[in-house]
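Report on one structure; see the data block that follows.
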Amino acid sequence: MGRSVTDPNSQFFGVHGLAAMGAPDPSTEYQIPDLAGLFDKNILNLALDALFGTWRGPKEHPHNRIWLNMVRLSDQAVREYQAARVALGAYGAKGHQGHLSPYYLAIDHFENAVSAVHRATWDADTLNGVGEWSLSLPSQGVRDNVADVRNAVEHIDERLKRGSVEPGIPIYLHPLPEFLQIDRHQLTYADLADCVTIAYQNLERVRGSRSW
């Protein structure tokens, strides 16, 4: 009897076959905190606030526009982070059957989450001290790390064009058990989850937790 494609030594969708295609062992356990409890439609509430005259947040330009973007980006960060976590779970369940797309979807979602939370944090820093609100920020070290990873994602193509990326170095946001890596930059899931959570909590500090 021939080997099953799910056999770890199969040339197709076993561990070695997947590795040859650049995909990890689907049974890998990822230490990704679950943020399913965070609401990701705050921008809709903000739109209704504007409609009904109950706007809670900076009112003067440009701070009102920064606040609007901060809410949208925080929603995006929550949504993309959770989508990445779900996608890796789907890859774990079906990767040995040849379902590789969830793995690459997880990468896409993580890259979007990092970019969104980086921008939302920048907005929060800009608004800190504006009006009556005091917003929280991740530690400077974590903020710098998120910025480094985000910048590496944005500029990896330029570095590849210049030939300044060493062979074998991850050229996309590669999910490993406890952290994401691109080039030589790493970001733990715990730090990313904290940044997303802080961005969400800042919305509640300004607007409250009420939902329409």
Side-chain angles (χ1 to χ4, degrees), residues 24 28-40 42 57-58 62-63 66-67 69-88 106-160 162 164-166 168-207:
T28 300
E29 294 186 5
Y30 298 95
Q31 307 302 311
I32 308 174
D34 187 358
L35 300 183
L38 302 187
F39 185 63
D40 66 357
N42 293 283
H63 294 124
I66 295 172
W67 163 240
N69 218 31
M70 177 180 147
V71 173
R72 183 186 65 83
L73 290 166
S74 298
D75 282 350
Q76 182 185 12
V78 171
R79 190 165 51 249
E80 293 289 339
Y81 173 96
Q82 278 300 108
R85 188 177 186 275
V86 170
L88 277 184
I107 293 168
D108 294 345
H109 288 307
F110 273 129
E111 289 189 352
N112 290 337
V114 169
S115 177
V117 81
H118 169 73
R119 294 174 63 195
T121 301
W122 189 92
D123 287 340
D125 191 25
T126 303
L127 292 178
N128 215 357
V130 173
E132 61 191 85
W133 305 283
S134 178
L135 304 181
S136 294
L137 299 171
S139 71
Q140 189 62 56
V142 171
R143 291 169 62 190
D144 290 344
N145 199 25
V146 170
D148 287 343
V149 169
R150 179 263 183 191
N151 291 339
V153 170
E154 293 295 323
H155 299 294
I156 193 69
D157 300 287
E158 299 169 18
R159 295 195 57 209
L160 286 167
R162 295 196 305 267
S164 61
V165 178
E166 298 176 20
I169 294 294
I171 59 170
Y172 49 75
L173 207 50
H174 186 56
L176 294 167
E178 295 182 2
F179 56 84
L180 297 161
Q181 180 172 353
I182 181 170
D183 195 2
R184 298 191 180 279
H185 301 288
Q186 297 177 352
L187 176 63
T188 67
Y189 300 116
D191 281 347
L192 179 57
D194 283 346
C195 289
V196 173
T197 300
I198 289 170
Y200 169 81
Q201 290 172 340
N202 280 332
L203 306 188
E204 291 196 336
R205 284 190 176 88
V206 176
R207 189 187 175 277

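Nearest heavy atom pair, residue W67 against residue G57, reads NE1-CA, 3.9 Å. Counting all heavy atoms, side chain and backbone alike, P24 lies closest to Y30 at CG-OH, 3.5 Å. Scanning both residues, A116 and A77, for their nearest heavy atoms gives CB-N, 3.8 Å. Looking at every heavy atom in both residues, A113 comes nearest to Y81 through CB-N, 3.8 Å.
For the salt bridge (charged side-chain N to carboxylate O under 4.0 Å, His left out) test, residues two or more places apart in sequence or in another chain that qualify with E166 are R184.
Between the OG1 atom of T197 and the CG atom of N202 there is a distance of 11.0 Å, given to the nearest 0.5 Å. With rounding to the nearest 0.5 Å, the separation of CG in L192 from CD1 in I32 is 9.0 Å. One distance of note links CZ of R150 with CG of N145; it measures 14.5 Å at 0.5 Å rounding. Note: D123 CG to R72 CZ = 9.0 Å, rounded to the nearest 0.5 Å. Taking NE2 of H185 as the start and CG of N151 as the end, the distance is 8.0 Å to the nearest 0.5 Å. Between L160 atom CG and E158 atom CD the span is 10.0 Å, to the nearest 0.5 Å.
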Using residues 129-137 as the side-chain source, report each donor-acceptor pair under 3.5 Å to any protein atom, sequence neighbours left out, with the distance given to one decimal.
| unit_1 | atom_1 | unit_2 | atom_2 | d |
| --- | --- | --- | --- | --- |
| S136 | OG | R205 | NH1 | 3.4 |
| S136 | OG | R205 | NH2 | 3.0 |

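Side chains of D125 and R143 form a contact here, defined as non-hydrogen atoms less than 4.5 Å apart. In this structure, the side chains of T121 and P138 come closer than 4.5 Å at one or more pairs of heavy atoms. E204 has its side chain within reach of Y200: a pair of non-hydrogen atoms, C-beta onward, lies under 4.5 Å apart. In this structure the side chain of I156 reaches within 4.5 angstrom of the side chain of V165, judged on heavy atoms. At least one side-chain heavy atom of V142 sits less than 4.5 Å from a side-chain heavy atom of C195. Counting heavy atoms from C-beta on, the side chains of L203 and M70 come closer than 4.5 Å. Within the 4.5 Å cutoff, side-chain heavy atoms of R119 are placed close to those of N69.
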Discussion item. Would V153 and V114 count as a side chain to side chain contact (heavy atoms under 4.5 Å, CB included) here? Give the steps.
Written reply: CA-CA 9 Å; V153 170; V114 169; 5.9 Å; no
Item to complete: Before giving the answer on side chain to side chain contact (heavy atoms under 4.5 Å, CB included), spell out for V146 and D191 the whole-Å C-alpha distance, their side-chain angles and the decisive distance to 0.1 Å.
Response: CA-CA 9 Å; V146 170; D191 281 347; over 6 Å; no
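For the 3.5 Å distance criterion, the side chains of Q82 and D34 qualify, holding a donor opposite an acceptor.
Sorted by first then second residue, the ring-ring contact (aromatic ring centres under 6.0 Å, His included) pairs that include residues 109-129, not counting sequence neighbours, are F110-Y189.
In this structure a side-chain-to-backbone donor-acceptor pair under 3.5 Å is missing from S115 to E111.
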